[in-house]
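Any value given below was found using the heavy atoms of this structure, including those in side chains, with hydrogens, waters and symmetry copies removed. Given the structure is predicted, the values throughout are model-derived calculations rather than measurements.
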Amino acid sequence: MIQRFTSILFLLTAATTTTAMSLATTQQQQKFSFYQRQLPDTCTAFSSPEGKQIFASALANNGLKSFYSLIQQFSTQTEPAYCGLTTLALVLNALSVDPLVNWKGPWRWFSEEMLNCCVALEDVKKSGITLQDFSCLARCQGLTVDVRYADDQGLAQFRQAVADACLETPPTTVLDEKVLVVSYSRKVLSQTGSGHFSPIAAYDPVSDQVLILDTARFKYGAHWTKLELLYDAMKPVDVATGKSRGYTLLSFKPASPRCCRAGQRGDDPAVVNAVQPMSLLYTSKFNQSPARKKYKNYLTSLLSQQHENELTFEQVLEYWSDGNDKSNAPTPLWDILKTLPHPKDSEEHKAAQKIRNLIDDLLERYNVKETGNDNAYRALFVVYLASVDETSRVRIVQDVAAAEGTHSQLTMEQLWNEAALVSAAIETSDQTDLCSCCKNNG
C-alpha cells in the first residue's frame with residue numbers, strides 16, 4: 001500500500017513539474033512576443049497626416065505609376081524571412097503574369113510557396129534569400145530583370161531607376177510598366193532587423209521621398225523615407241554574398257521565356273528534364289553555353305557585315321553543317337540543344353506533333369526534303385528562327401502557314417515560343433552571373 005501511494009505521489013509530482021515547465025515556456029514565449037514596431041524618425045507612416053500630405057504631393061507630381069497595380073496586390077508575408085518571396089509574388093501578380101499552374105481550385109495565381117525553383121523553402125524560412133536568388137526567381141517566371149548593386153551604381157543611377165518605375169510619362173501602357181524592388185539594410189533606416197526586400201510604390205519629387213510597401217506588416221506598415229537614405233541603406237555588404245545590396249527593375253512581356261513552372265524545383269532532375277511551360281520540342285543546357293556564345297559571336301559578326309540584310313537559312317545551315325559541308329546533317333547543333341522527351345499528356349503530344357508538321361512545311365519551302373535525320377533539321381530551323389529578329393520570325397512562319405492553310409494560330413505561337421526560348425539562351429550565353437536554376441535550365 002505504501003509503495004502504491006509513493007508511485008501515485010511521484011506521478012503527481014512529475015505532472016506538476018511538467019505543467020510548471022510548460023507554463024514557464026509559455027510565459028517566456030509571451031515575454032518575447034510583439035505587436036508591430038513604432039516607425040523611427042527616418043520614416044513617415046503612410047496613413048499618418050504627414051504621410052497623406054506626401055501622397056497628395058506625389059499624386060500631383062505624377063509619382064504614382066507603380067502604386068495602383070502594387071497596392072491591389074499588397075499583402076503580408078507568411079513567414080518572418082519571406083520578405084523576398086512575398087515581394088516577388090506581389091510584383092508578379094501586379095504585372096499580370098500567369099503562373100501557368102493552379103493556385104487553389106481552378107484559379108491560377110502566384111503565392112509564396114510557388115516560388116521555390118531556385119531556392120528551398122525550408123532554407124528561406126531560416127535565412128531568407130539574396131538579391132541573386134531574387135533575380136533568379138524573377139527570371140524563371142518570365143520577368144525581365146535589370147539588377148544593380150549599390151557598389152556599382154551611384155545615387156544618380158538610383159534616382160533614374162526610381163523615376164523609371166514611379167514617374168508617369170504619358171502615354172503609359174501596361175507594357176511600359178516597371179516595378180522597382182530594393183534589397184536594403186533596415187539598420188540604416190534605424191529600424192530593427194537586418195536585410196529586407198520591399199517594392200517601391202511611389203515617389204514624391206517635392207520631398208524627395210519614396211513609398212516603401214513593407215510586406216512585414218506585422219512589424220512596420222507602409223511608410224515614406226528619403227530617397228538618398230534608402231540608397232545608403234543598400235550599401236552595407238550582405239554577408240551571404242560578400243557584395244553590397246542593391247535594387248532591380250522588373251518588367252514583363254507576355255511572350256517572355258521561362259526556366260520552369262511555378263512551384264517546381266529547378267535543381268530537381270524530374271523538373272530539369274520535364275517539358276518546359278513554353279517548350280515542347282527542345283531545351284538548352286547551361287554547360288553548352290560556350291558553344292552558344294561562339295554561335296552568338298558568329299551572328300554578331302555576320303550581321304555587322306550585312307548591315308540591313310536579313311540572316312538567311314543557308315547561313316545558319318552552313319555554320320552548323322558537319323565539316324561545313326551542307327550536304328551533311330547539322331548534328332553539331334546538339335552542342336546547344338537537347339531534344340525533350342515526348343510529352344505524356346495527350347494534348348501536349350498532339351500540340352508537339354502539329355509543331356513538327358509546321359516545321360516540316362517550312363523546311364520544304366527552304367528546299368530541305370526528307371533526309372533520314374528530320375529531327376536535326378527541325379532543330380536547325382528552330383535555331384534559324386531564334387537567330388532572326390522577332391518581326392522576321394513571325395513573318396517567316398506566317399507566310400508558309402498562310403500558303404498551306406492547315407496550321408492554327410496556336411501552333412504558330414507555340415513555334416515562336418520555342419524559338420524565343422532558344423533565342424534567350426543564345427543571348428544570355430555570355431552572362432556569368434546566372435544562378436543554379438538558370439544554369440540548369442539553360
Side-chain angles (χ1 to χ4, degrees), residues 39-44 58 63 65-66 70 77 81-88 90-91 118-119 124 127-139 143-167 178-205 207-216 219-220 222-251 428 431-435 438:
L39 281 168
D41 293 340
T42 57
C43 306
T44 302
K65 186 168 76 170
S66 293
L70 288 174
Q77 62 196 67
Y82 266 17
C83 57
L85 297 187
T86 306
T87 294
L88 182 54
L90 188 163
V91 171
C118 301
V119 291
V124 179
S127 56
I129 61 175
T130 66
L131 184 55
Q132 185 182 32
D133 294 332
F134 182 92
S135 301
C136 168
L137 288 163
R139 287 191 183 102
L143 295 185
T144 299
V145 180
D146 183 4
V147 61
R148 306 176 188 181
Y149 291 88
D151 280 346
D152 306 322
Q153 301 290 319
L155 177 61
Q157 285 84 357
F158 180 56
R159 284 190 179 280
Q160 185 59 55
V162 171
D164 290 343
C166 298
L167 293 180
K178 295 180 181 179
V179 175
L180 177 63
V181 171
V182 291
S183 170
Y184 59 103
S185 170
R186 284 191 181 275
K187 292 181 180 180
V188 177
L189 300 187
S190 299
Q191 298 177 355
T192 62
S194 53
H196 195 56
F197 283 89
S198 288
I200 301 302
Y203 173 61
D204 173 37
S207 64
D208 197 30
Q209 296 194 63
V210 293
L211 177 61
I212 296 176
L213 294 186
D214 196 327
T215 59
K219 187 176 185 180
Y220 297 113
H223 52 274
W224 298 92
T225 195
K226 290 289 187 180
L227 183 151
E228 188 169 351
L229 180 62
L230 182 58
Y231 170 73
D232 289 339
M234 294 185 287
K235 291 179 180 179
V237 172
D238 181 351
V239 294
T241 63
K243 300 183 67 172
S244 69
R245 302 181 187 276
Y247 56 95
T248 180
L249 278 169
L250 304 169
S251 57
T428 59
Q431 293 184 12
T432 59
D433 63 342
L434 300 180
C435 62
C438 296

With sequence neighbours left out, the residues meeting salt bridge (Lys or Arg N to Asp or Glu O under 4.0 Å) with Asp146 are Arg148
Residue set satisfying salt bridge (Lys or Arg N to Asp or Glu O under 4.0 Å) with Asp204, at least two apart, ordered chain then number -> none
Partners passing side chain to side chain contact (heavy atoms under 4.5 Å, CB included) against [X] (at least two apart in sequence or in another chain):
X	result
Thr86	Ser75, Gln77, Tyr82, Glu112, Thr215
Ala165	Ser66, Leu180, Leu249
Cys166	Val162, Ile200, Tyr203
Ser190	Pro40, Thr42

Output all residues satisfying ring pair (Phe, Tyr, Trp, His ring centres under 6.0 Å) with [X], sequence neighbours left out; order by chain, then residue number.
X	value
His223	none
Phe134	Phe197
Phe158	Tyr247

In short, Leu131 meets Ser183 closest at the heavy-atom pair CD1-CB, 4.2 Å
Correct closest heavy-atom pair for Ala150 and Ser244 would be N-OG, 3.2 Å
From [X] [atom1] over to [Y] [atom2], what is the distance, rounded to the nearest 0.5 angstrom?
X	Y	atom1	atom2	answer
Asp164	Arg159	CG	CZ	13.5 Å
Asp214	Gln191	CG	CD	6.5 Å
Lys226	Thr44	NZ	OG1	8.5 Å
Leu250	Arg139	CG	CZ	10.0 Å
Arg186	Cys83	CZ	SG	7.5 Å

Are the side chain of Lys65 and the backbone N or O of Val179 linked by a donor-acceptor pair below 3.5 Å? no
Working note: Leu39 + Trp224, criterion side chain to side chain contact (heavy atoms under 4.5 Å, CB included); need CA distance, chi angles, decisive distance, verdict. CA-CA 10 Å; Leu39 281 168; Trp224 298 92; over 6 Å; no
| query | Does a side-chain heavy-atom distance below 4.5 Å link Ile212 with Leu189? | reply | yes
So the salt bridge (charged side-chain N to carboxylate O under 4.0 Å, His left out) pairs with at least one residue in residues 194-203 (sequence neighbours excluded) are none
Which side-chain N or O atoms in residues 229-242 pair as donor and acceptor under 3.5 Å with protein atoms at least two apart or in another chain?
from	atom 1	to	atom 2	distance (Å)
Tyr231	OH	Gln153	O	2.7
Asp232	OD1	Lys235	NZ	3.2
Asp238	OD1	Ala240	N	3.0
Thr241	OG1	Asp238	O	3.4
Thr241	OG1	Lys243	N	3.2

Set out, in order, the CA-CA distance, both residues' side-chain angles and the distance that settles side chain to side chain contact (heavy atoms under 4.5 Å, CB included) for Val210 and Thr225, then state yes or no. CA-CA 6 Å; Val210 293; Thr225 195; 4.2 Å; yes
Contacts of Gln157 meeting side chain to side chain donor-acceptor pair (under 3.5 Å) (sequence neighbours excluded), chain-then-number -> none
- How far apart are the C-alpha atoms of Leu88 and Leu85, what are their side-chain angles, what is the distance that settles it, and do they pass the side chain to side chain contact (heavy atoms under 4.5 Å, CB included) test? CA-CA 5 Å; Leu88 182 54; Leu85 297 187; 5.9 Å; no
